[in-house]
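What follows is one structure encoded as structure tokens, with my remarks underneath.
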Amino acid sequence: MRTDYDLCINGGGPIGATIACLLAQKGLRILLLERAPLSPTPDQNPDGRAYALAEGVRPLLEEAGIWQALPLPPQAITTIHVTDSQGRVPAASRSTLADGLSFTEEDAPDHRSFGWMVEAHNLLAAIASTLTSQPGLDVRAPATGQFQFTQDEARITLSTGETVSAALVIAADGRQSRLRQQAGIGLTRIPYHKTALVNVLAHTLPHHGSALENFLPQGPFARLPLPSIEGHPHRSAIVWTDRAERIAHFTSLAPHHFAHLIKERLCGEELGSLELIGTHWTYPLASQYAHRYYATRLILAGDAAHGLHPVAGQGMNLGFRDVRTIVALLGEAFAHGEDLGSPSLLRRYQQLSRPGNLAMLAGCDMMERLFSTDVPFIRHARHAGLMALRRLPTLRQGFVRRAMGL
């Protein structure tokens, strides 16, 4: 039986787009559906969202052709300061915190960067230009489809009325995945009853590629370095978590009062004067995981399969683990002429992906619960753990290597 496409990917975000580009390069006939328009021009009024991509993700994006297409340069993360509601961060120094922990390039293999900050509008523009120039890839955007699954194939009726078939469908359509719901795959959601606030700040002094993670009882506060733009040579992204009512209060403050609260949470970092750029962007915090990663002629990828608390910035990076597994499995199956939607292959994907993903989700959940409390014995245990990482270079370097996705 010959289908119109080897593969249909529902969702053209970073995960779905990278899978599409990498598998199209291997000769697969791929249909990609994305409900939003694709534009190779970065948004002139971005909402402040940015991705902290681990160093291990960069080769995947380079192989896909997306990294080279970034219209704006990304920002390397060269130092990470971690504090537990205390300590001061030296502005331009690489020395360790008095009461916290600093990861420097010396902790990274070959002194590489820990990762890269890429603003969402920049990455989406690169994805748009790459998708539309990729041979063997049929991109429909904006477009949606109605899906029917049988043991032999998946049939997709497009919004244009056209009906096509594919051997396999990948749901890369986000946390609210319509395909996951259609397949009847159960979902467990873990609410944290907190809200994340995202902002972009301009400051008068440089960040030197450093990032700050300040664990507070109300929730973690992170400052992440961003690249310069015209008119703002020094910028950072802020991800601030707290109870919904407190976040609502913070967003209602006058800019100078808001900047003062930011400065209080910087642990002494010297960034000079602070200025809010753009608007506030908020979202409720929750973790979630799908009970299965596959159904008939369907697999889940990225946020459709799992969603993490942002405490360690690993949500998008975990999705790229799915990318590696999917590309390896489907690429090999295609090369050997196997059925891409066979139940054994889909079970294999779940066996390779789900246990590690659940372990990462559990780790982020535990980190949020351990650090978002001021109970004395837990606070002392946290501090002891940070100091162990600080005193034991081998342990610290192993931790760093895993966080970098290497």
Side-chain angles (χ1 to χ4, degrees), residues 48-50 52 77 79-91 96-103 117 190-201 203 207 210-225 236-253 255-271 274 276 280-287 308-315 363-390 399 403:
R49 289 178 298 161
I77 302 173
T79 307
I80 301 175
H81 301 299
V82 181
T83 67
D84 187 6
S85 307
Q86 56 189 334
R88 292 180 61 81
V89 179
T96 56
L97 293 166
D99 295 297
L101 175 66
S102 290
F103 297 97
M117 290 301 300
I190 307 169
Y192 294 105
H193 309 294
K194 292 181 181 177
T195 296
L197 168 62
V198 178
N199 305 101
V200 174
L201 294 176
H203 36 91
H207 50 56
S210 70
L212 169 70
E213 184 84 24
N214 185 10
F215 289 104
L216 300 167
Q218 301 85 6
F221 173 93
R223 184 200 57 76
L224 303 164
S236 291
I238 298 298
V239 183
W240 184 355
T241 64
D242 209 318
R243 298 194 309 273
E245 61 271 21
R246 283 170 57 85
I247 291 294
H249 169 68
F250 298 150
T251 59
S252 69
L253 294 175
H256 66 284
H257 287 146
F258 183 80
H260 177 72
L261 291 179
I262 294 291
K263 183 161 286 192
E264 285 183 338
R265 288 157 175 77
L266 293 178
C267 300
E269 260 190 325
E270 294 298 336
L271 296 176
L274 305 179
L276 177 66
H280 301 291
W281 188 71
T282 63
Y283 61 95
L285 291 181
S287 294
L308 305 185
H309 189 287
V311 61
Q314 292 297 313
C364 290
D365 179 76
M366 182 181 298
M367 187 181 298
E368 196 280 337
R369 296 179 190 279
L370 286 176
F371 279 92
S372 294
T373 179
D374 211 24
V375 176
F377 81 90
I378 296 180
R379 188 176 67 245
H380 294 320
R382 295 194 307 247
H383 186 70
L386 290 176
M387 292 306 99
L389 280 173
R390 178 169 162 179
F399 178 85

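All values reported here derive from a predicted model rather than from experimental measurement.
A search for side-chain contact (heavy atoms from CB on, under 4.5 Å) contacts involving Ala248 returns nothing, not counting sequence neighbours. The side-chain contact (heavy atoms from CB on, under 4.5 Å) search around Arg243 returns Glu245, Arg246, not counting sequence neighbours. Remark: Thr241 engages no residue in a side chain to side chain donor-acceptor pair (under 3.5 Å) (not counting sequence neighbours). With sequence neighbours left out, the side-chain contact (heavy atoms from CB on, under 4.5 Å) criterion links His249 to Ser252, Leu253. Residues meeting the side chain to side chain donor-acceptor pair (under 3.5 Å) test with Ser287, sequence neighbours left out: Tyr192. Contacts of Glu264 classified as salt bridge (charged side-chain N to carboxylate O under 4.0 Å, His left out), with partners at least two apart in sequence or in another chain: none. Under the side-chain contact (heavy atoms from CB on, under 4.5 Å) criterion, His193 pairs with Pro191, sequence neighbours left out.
The CG atom of Leu276 sits 13.5 Å away from atom NE2 of His256, with the distance rounded to the nearest 0.5 Å. Considering CG of Asn199 and CD1 of Ile262, their distance stands at 6.0 Å, rounded to 0.5 Å. Atom CG of Leu266 is separated from atom CD1 of Ile238 by 6.0 Å, given to the nearest 0.5 angstrom. Taken to the nearest 0.5 Å, the CD atom of Gln314 stands 6.5 Å off from the SG atom of Cys364. A distance of 8.0 Å separates CG in Leu224 from OG in Ser236, rounded to the nearest 0.5 Å. Of the inter-residue distances, the one linking Leu197 atom CG with His280 atom NE2 reads 6.5 Å to the nearest 0.5 angstrom.
The heavy-atom pair separating Ile247 from Thr195 by the smallest distance is CG1-O, 3.7 Å. Nearest approach of Lys194 to Pro217, heavy atoms of both residues: NZ-O, 4.1 Å. The minimum heavy-atom distance between Arg265 and Leu212, with the atom names listed, is O-CD2, 3.9 Å. In plain terms, the two heavy atoms of Pro225 and Ile77 that are nearest each other are CG-CG1, 4.1 Å. The shortest non-hydrogen separation linking Ser210 to Arg223 is O-NH2, 2.8 Å. The two residues Ala196 and Leu285 come nearest to each other via the heavy atoms CB-CD2, 3.7 Å.
Taking the six-membered ring where the residue is Trp, Trp281 and Tyr283 present tilted rings, their angle falling between 30° and 60°. The aromatic rings of Trp240 and Phe221 stand perpendicular to each other, their planes meeting at an angle above 60°, with 30° marking the opposite boundary.
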Q) Checking side chain to side chain contact (heavy atoms under 4.5 Å, CB included) for the pair Leu271/Leu201: CA distance, chi angles, key distance, verdict? A) CA-CA 10 Å; Leu271 296 176; Leu201 294 176; over 6 Å; no
Q: For side chain to side chain contact (heavy atoms under 4.5 Å, CB included), just list the numbers for His309 and Asp365, CA-CA rounded to whole Å, side-chain angles, deciding distance to a tenth of an Å, and then say yes or no.
A: CA-CA 7 Å; His309 189 287; Asp365 179 76; over 6 Å; no
Q. Should Val82 and Phe103 be marked as a side chain to side chain contact (heavy atoms under 4.5 Å, CB included) after you check the CA-CA gap, both sets of side-chain angles, and the distance that decides it?
A. CA-CA 8 Å; Val82 181; Phe103 297 97; 4.0 Å; yes
